[in-house]
Amino acid sequence: METVSENRCFGGTQGVYTHKSTATGCDMTFGLFLPEEAQDGPVPLLWYLSGLTCTHENAMVKAGAQTWAAEQGIALIFPDTSPRGEGVADDDSYDLGQGAGFYVNATQAPWAPNYRMWDYIATDLPNLVFDTFALDADRQAITGHSMGGHGALTLAMGLPGRFRSVSAFSPICHPTNGDWGRKQLSAYLGDDESTWAAHDATLLMREKGLDIPLLVDTGSSDQFIDLLQPEALAQAVNARRVPASLRLQKGYDHSYFFVSTFIEDHVAFHAEALYA
């Protein structure tokens, strides 16, 4: 692992690091905020998964999460959204290829050699950061925005026992039933739709439910709300009678202005679970 930068931030350190990933077969970059308490011992970790076209940097510089994480003594990790670099497959469209990993393990050409973002987030990056930094592997939570909200929800349900809480901003809730999902899932996983279900939060909720606290915020004026399908997730939550807070925030859109407005709520929500 190599250090790209480390900056003093709210009493702690905001770092950016690169490493060779065994999951993706290429160099990956991530951001990690460590609060001041990490100098004295392991601290809880909140994962933030970003959306389409984003890198590790978007949420790190736009969400304002460090303010509230420092207040709660929680570390924040900002992974990249896909493999990158020469020799890594890409596409001319913004919603496929580099910047659009969708947090799945691709099985189809040309994506399969590198696009293993599920393994990267579930295994590869955790192994690195828990071995290297003062982080408590028994106290993890996860959140994300848009495509990253999709990833947060599916990882939380797909890795039971890993996270103490899960939240999402404007998540893609039902990708097997919409334009944001069918294109990518078919490209990465092939035409057998039975392989898609593990990456659809609505289908997972219908099948498995969820036994950790759940918070979802979506803007009522989100320009992509018909693609996000928050009502599908709400129906599945209700059908399984899963305790959850699913909120439509009046007048807010899909931007980081929305995320930064409600990030304090989400960090506090996770802090309650992480310190329970």
Side-chain angles (χ1 to χ4, degrees), residues 46-52 54 59 81 95 100-104 117-118 121-122 141-160 162-186 188-189 193-255 258-259 261-263 265-266 269-270 273:
L46 175 58
W47 293 79
Y48 185 104
L49 305 185
S50 289
L52 286 166
C54 292
T81 57
D95 57 355
F102 263 78
Y103 305 101
V104 304
M117 288 301 295
W118 178 280
I121 300 298
I142 191 166
T143 188
H145 174 230
S146 193
M147 178 186 73
H150 140 80
L153 293 171
T154 56
L155 281 154
M157 285 186 273
L159 299 171
R162 171 74 61 91
F163 303 105
R164 294 196 181 187
S165 53
V166 56
S167 74
F169 300 88
S170 310
I172 301 171
C173 295
H174 197 10
T176 64
N177 191 48
D179 292 341
W180 265 2
R182 295 191 65 83
K183 171 185 175 180
Q184 295 84 357
L185 293 175
S186 62
Y188 293 141
L189 302 178
E193 295 190 18
S194 67
T195 65
W196 301 3
H199 302 287
D200 186 306
T202 295
L203 298 183
L204 287 169
M205 185 66 71
R206 290 174 187 169
E207 178 189 357
K208 297 183 176 185
L210 187 69
D211 62 358
I212 58 175
L214 170 63
L215 169 64
V216 177
D217 276 319
T218 304
S220 67
S221 296
D222 191 307
Q223 58 270 47
F224 306 114
I225 197 165
D226 290 339
L227 297 172
L228 302 175
Q229 300 184 59
E231 66 282 355
L233 180 63
Q235 289 166 4
V237 164
N238 289 336
R240 291 291 305 216
R241 298 177 180 172
V242 170
S245 181
L246 309 177
R247 310 188 302 193
L248 278 177
Q249 301 292 359
K250 184 177 180 180
Y252 285 89
D253 59 16
H254 200 73
S255 70
F258 161 64
V259 173
T261 299
F262 295 102
I263 192 68
D265 286 1
H266 285 244
F269 164 80
H270 290 295

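Asp179 CG: 12 or fewer foreign heavy atoms inside a 6.0 Å radius.
For the pair Leu214/Met205, a side-chain contact is recorded, criterion being any heavy-atom separation below 4.5 Å from C-beta on. By the 4.5 Å heavy-atom criterion applied to side chains, His174 and Asp200 are counted as neighbours. The closest side-chain heavy-atom distance from Val216 to Val237 is not below 4.5 Å. With contacts defined as side-chain heavy-atom distances shorter than 4.5 Å, the pair Pro175/His150 qualifies. Side chains of Trp180 and Ser146 form a contact here, defined as non-hydrogen atoms less than 4.5 Å apart.
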For the pair Asp265 and Arg247, evaluate side-chain contact (heavy atoms from CB on, under 4.5 Å) and give the outcome as yes or no after the intermediate values. CA-CA 12 Å; Asp265 286 1; Arg247 310 188 302 193; 3.1 Å; yes
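Considering all non-hydrogen atoms of both residues, Leu153 and Pro171 come closest at CD1-CB, 3.8 Å. Closest approach of Ile212 and Ala156 over heavy atoms only: CD1-CB, 4.3 Å. Shown here for Tyr103 and Leu49, the closest heavy-atom pair between the two residues is OH-CB, 3.6 Å. For the pair Met147 and Thr81, the tightest heavy-atom approach, listed with the atom from each and the gap, is CE-CB, 3.8 Å. In terms of heavy-atom proximity, Cys54 sits nearest to Ser50 at CB-CB, 3.7 Å.
Legend: side chain to side chain donor-acceptor pair (under 3.5 Å) pairs involving residues 219-234, not counting sequence neighbours, sorted by first then second residue: Ser170-Asp222, Asn177-Gln229, Asp222-His254.
Tested against Gln249, the residues Asp217, Thr218, Thr261 include a single side chain to side chain donor-acceptor pair (under 3.5 Å) partner, Asp217.
To the nearest 0.5 Å, atom CD1 of residue Ile263 and atom CG of residue Leu46 are 7.0 Å apart. A distance of 8.0 Å separates OG of Ser245 from CZ of Phe269, quoted to the nearest 0.5 Å. Atom CZ of Arg164 is separated from atom NE2 of His270 by 13.5 Å, given to the nearest 0.5 angstrom. We find the CZ-CG distance between Phe102 and Leu52 to be 5.0 Å, quoted to the nearest 0.5 Å. The line from CG of Leu189 to OG1 of Thr176 is 11.5 Å long, rounded to the nearest 0.5 Å. Atom CZ in Phe258 sits 6.5 Å away from atom NE2 in His145 (nearest 0.5 Å).
Partners of Glu193 according to the salt bridge (charged side-chain N to carboxylate O under 4.0 Å, His left out) rule, which considers only residues two or more places apart in sequence or in another chain, are Arg182.
For His199 and Trp118, the ring centers are positioned less than 6.0 Å apart.
Remark: side-chain polar atoms of Ser167 are not paired, donor with acceptor, to backbone N or O of Thr143 under 3.5 angstrom. With hydrogens and angles disregarded, no donor-acceptor distance shorter than 3.5 Å links the side chain of Glu207 to the backbone of Leu204. For Arg162 (side chain) and Ala122 (main-chain N/O), a donor-acceptor pair under 3.5 Å exists by modelled atom type.
Relative ring orientation between Phe169 and Tyr48 is described as tilted, the plane-to-plane angle lying within the 30° to 60° band.
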